[in-house]
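As structure tokens, the structure follows; a few thoughts come after it.
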Amino acid sequence: MPSVRVLITEEQIRERLRELAAQITRDYDGQPVTLLGVLTGSLMLVADLVRQLPLRTRIGFIQASSYRGATTRPDKLEIVPTLLPDVRDRHVLLVDDILDTGQTLNQVLDHIRSLRPRSVRVAVLLRKRGRQELPCEPDYIGFEIPDVFVVGYGLDYDDEYRQLPYVGVLEP
Ligand code: 5GP
Ligand code: MG
């Protein structure tokens, strides 16, 4: 089994999420918010974030998959909206694990906007430096990382490694 080199520790994630949650709480200023996680990678982030928001919240998920194994080129993106709650006229906070090329978030955002929410903001745990091909400026970013393939804290390699409490790089 390959080993994993730690890039961002559990403690660093915890600390950063505290800051982001405080910022989100200030920004929404008592308004109810629907957190929409992009499955499956956002699972940990949604769970850890929502528990730190002293706001009225709803939780929903949207499935959008474009990746196979460690390939970092997106092929056709498939959006499965079956787990999506009604977001019309609601403040939506879209939550994803990582912003790479921007394909996923842009397509998911198009879909969400077509449902006429009152507002849409975006939170990502990670943003890869120098990779964005489409303009996408998340409102909340946990960490900027170099262009490496990472796993853990929701991020997978071939659907494994998601349960790691930290973010790391697979070593052969
Ligand atoms: P984008 O559409 O922005 O190119 O890619 C975003 C999606 O690709 C993420 O939601 C994630 O599922 C996947 N992805 C991109 N980079 C990585 C990575 O380094 N590790 C893992 N596990 N998934 C990644
Ligand atoms: Mg994803």
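One-based numbering, in listed order, for ligands and for the atoms of each. Index from 1, following the sequence.
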**Asked** Among the heavy atoms of V150, does any lie under 4.0 Å from an atom of ligand 1?
**Response** yes
**Prompt:** Checking S42 side chain against L45 main chain: does a donor-acceptor pair fall under 3.5 Å?
**Reply:** no
**Message:** Quick check on V148 - does any of its heavy atoms sit under 4.0 Å from an atom of ligand 1?
**Reply:** yes
**Message:** Heavy-atom count check: over 12 atoms from other residues, nucleotides or ligands less than 6.0 Å from R56 CZ?
**Reply:** no
**Message:** Heavy atoms only: which of G154, G41, C136, G102 lies closest to atom 3 (O) of ligand 1?
**Reply:** G102
**Message:** Test your reading of the structure: does D97 have an N or O sitting under 3.5 Å from an N or O of ligand 1?
**Reply:** yes
**Complete:** Residue pairs passing the side-chain hydrogen bond (donor to acceptor under 3.5 Å, both in side chains) test with at least one member in residues 108-123, sequence neighbours excluded, are H91-S119
**Expected output: side-chain Q31 to main-chain D27 donor-acceptor under 3.5 Å** = no
**Prompt:** Which atoms of ligand 1 sit under 4.0 Å from any heavy atom of D156?
**Reply:** 21 (C), 22 (N)
**Asked** Are any non-hydrogen side-chain atoms of I24 and V33 less than 4.5 angstrom apart?
**Response** no
**Item:** Partner of L36 by side chain to side chain contact (heavy atoms under 4.5 Å, CB included), out of D96, V95, V92, V122
**Value:** V92
**Item:** T101 neighbourhood, listing ligand 1 atoms whose heavy-atom distance to it stays under 4.0 Å
**Value:** 1 (P), 2 (O), 3 (O), 4 (O)
**Message:** Measuring from non-hydrogen atoms of K128 to any atom of ligand 1, is the shortest distance under 4.0 Å?
**Reply:** yes
**Asked** Which atoms from ligand 1 have a heavy atom of D96 less than 4.0 Å away?
**Response** 10 (O)
**Prompt:** Quick one: salt bridge (charged side-chain N to carboxylate O under 4.0 Å, His left out) partners of R5, sequence neighbours excluded?
**Reply:** E171
**Asked** Are F149 and ligand 1 in contact, using a heavy-atom cut-off of under 4.0 Å?
**Response** yes
**Message:** Using a 4.0 Å heavy-atom cut-off, which part of L105 comes near ligand 1: side chain, backbone, both, or neither?
**Reply:** neither
